[in-house]
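Chain naming here is simple, since letters A, B, ... match the order of the sequence lines and numbering starts at 1 in each.
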Number of protein chains: 2
Amino acid sequence: MEETYLQSVRYDGETLYILDQTKLPQLTEFLELTDIEEVWDAIKQLKVRGAPAIGIAAAYGLVLGIKEAPEKDFESFYEFFKKQSDYLAASRPTAVNLFWALKRMDTRAKQESSKPVTEIKMLLAEEAHLIRQEDENVCSSIGENALTLFKDGMTVLTHCNAGGIATARYGTALAPFYLAKERGMDIKVYADETRPLLQGARLTAWELMQAGIDVTLITDSMAAMVMQKGMVQAVIVGCDRVAANGDVANKIGTYGVALLAKAHNIPFYVAAPLSTIDLETETGEGIPIEERAAEEITAGFGKSTAPEGVKVFNPAFDVTPHHLITAIITEKGIMHGNYIEELPRLFEN
Amino acid sequence: MEETYLQSVRYDGETLYILDQTKLPQLTEFLELTDIEEVWDAIKQLKVRGAPAIGIAAAYGLVLGIKEAPEKDFESFYEFFKKQSDYLAASRPTAVNLFWALKRMDTRAKQESSKPVTEIKMLLAEEAHLIRQEDENVCSSIGENALTLFKDGMTVLTHCNAGGIATARYGTALAPFYLAKERGMDIKVYADETRPLLQGARLTAWELMQAGIDVTLITDSMAAMVMQKGMVQAVIVGCDRVAANGDVANKIGTYGVALLAKAHNIPFYVAAPLSTIDLETETGEGIPIEERAAEEITAGFGKSTAPEGVKVFNPAFDVTPHHLITAIITEKGIMHGNYIEELPRLFEN
């Protein structure tokens, strides 16, 4: 059952194959995991990264973890199940999708409690597949919607990695590029390297190359010149959180790219699954911005590149105000700027 | 004769002390050079960098090189002198200031040809000192002029390294910070790290820290957020070339910073010695932009950080159009936006 595309998390009923993202871009290595402890390690050590991919890995990890669960009655099965689920939850306590996926597996287990345990085990494997499939569908729909905004022959800039390897397939911001490729459309990509952690260089450039998509790597400081020279006609990025007014928190540097796009009259698009839209947060000012360790900047390449003891400011995200965002692309359609009215409608029936 | 500031090129009559910039920021090491071959090596191996600093090092290198020159008549002296000068000129054939400094030494030698050779040797050492002193004066004047634009308590962003170690002293864009420090003014600096070669992290942050100036290092992608949060009130950068209309070529990323400054209503200043103003070039479009090796982006720090064989676009400079430049600061005064009329006046008597 070999897939023709590169799948970062795949389960064949016995083995969980996980792309080891810590080895990228030098090595394309898949871990072959057959017990829950190995999945715990893979999540803990960031070998699998990206919120959706972590959730999917956790669901499959739990499927592996309950193989040996007692089958005589639901109570003894569920006790075992819960222990395994709590164990996995502790692998990366800040990963929201990890808990979300485990919670969903828990709900399904309880729903099916009247069935024989052997069947429940099969249904939980099915639930993990569903989680994976739904994520693929979300990404695919975002890609479809985004693609209506792009034309054959266009070149598009992206920042950071909102890609296929962080999700079940396709990614969010990168989804239209995969779909365009499947349809023989010619869409080229410029990838910002995305300092400090270089997700653009290490991951975006890598996964697009794997798929045979034409990608050119630049430093973040080159985006302005690329726009000035007319080398890109649109920008698309992913996001970590969208506030109710359409302000978007995303990887540091996104706000700058949005300003540069505005200055060059280039549309700036944000790909946002509904799971990232947070109507409880009124504006971007309500989104907390994590500051990270100085070493990411001073010694990010395995070698000290800044003076010992230098003061550093290292915010992980920035907030792009809604007025710079041409459209927010979700799996349920495209929002065109009147976000405060458009976003709540996405959650109506 | 120990100086209280850090001088990247210093000659005490016997030894030429050169700050080994290839060791920065990890090690502050001065080479102690006593013959012309050692100076040739230091220039060749980029241990001394920055156009003015290279010129100064070459002039002193020539002084070392003619110590053993025959003294019986000018002709035999000059033959020796010319051989040494040609030797030094070959150390870095693309460095304009190298030829400029050697040419100036040559002119002085010929001017003094009627004097005894022992005296000519002293006068050539004086000429090298003059070259150094004039560069210091230019930088100091630029700093004085720039400082009239800054206020006590301000924080200023800079990009790349137009600093003291690239010149005799003070640098160009960094000159106002040194002068402010000397006068007890409180001016803080944010330094963009300046990918791909990290001159901001390795050199600017380092030399400002050495001088006790408050500097904070950020990645290039953080400049927009720093402006958004009101953390800087002005930007100052150096330049490689100014066209007749005021368009400025400078390190890649400068144009983006200028656009970001404009979007935040922050003044954007360029420090430009007259030697960088090229009235023969009408606009920025006439300035050729060097593209450099992909490895600077894909493996800049001793470790591959991008996929093997990835396409890369790596321009070394960009052009900031004159309308984004609030003022161009020269040693002869500040130009305020009507560059096409103001710049030629700098070259009138």
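The neighbour count for A/Glu29 CD, taken as heavy atoms of other residues, nucleotides or ligands under 6.0 Å away, is above 12. Annotation for A/Glu291: atom CD counts as buried by contact number, over 12 foreign heavy atoms lying within 6.0 Å. Heavy atoms from other residues, nucleotides or ligands lying under 6.0 Å from CD of A/Glu282 number 12 at most.
For the set B/Met222, B/Met209, B/Arg202, the entry with the most heavy-atom pairs within less than 4.5 Å of chain A is B/Met222. Taking chain A as the reference chain and counting heavy-atom pairs below 4.5 Å, the highest number among B/Ala306, B/Pro307, B/Ala294 is found for B/Pro307. Your options are A/Asp214, A/Leu203, A/Leu208, and the one with the most heavy-atom pairs under 4.5 Å with chain B is A/Asp214.
Rounding to the nearest 0.5 Å gives a distance of 10.0 Å between CG of B/Leu197 and OG1 of A/Thr219. For the atom pair A/Ile297 CD1 and B/Thr216 OG1, the distance stands at 10.5 Å (nearest 0.5 Å).
Of residues 228-239 of chain A, those residues with a non-hydrogen atom less than 4.5 Å from any non-hydrogen atom of chain B are, in numerical order, A/Gln228, A/Met231. Contact residues of residues 251-272 of chain A toward chain B are A/Ile252, A/Gly253, A/Tyr255, A/Gly256, A/Leu259, A/Leu260, A/Ala263, A/His264 (heavy-atom distance under 4.5 Å). Chain A is approached within less than 4.5 Å, heavy atom to heavy atom, by B/Tyr190, B/Glu193, B/Arg195 from residues 185-195 of chain B, ordered by number. Of all residues spanning residues 312-325 of chain A, those with a heavy atom less than 4.5 Å away from chain B's heavy atoms are A/Val312, A/Phe313, A/Asn314, A/Pro315, A/Phe317, A/Asp318, A/Val319, A/Pro321, arranged by number.
Of the possible donor and acceptor atoms, one in the side chain of B/Gln26 sits under 3.5 Å from a partner among the backbone N and O of A/Ser304.
For A/Ile289, the part lying under 4.5 angstrom from a heavy atom of chain B is the side chain only.
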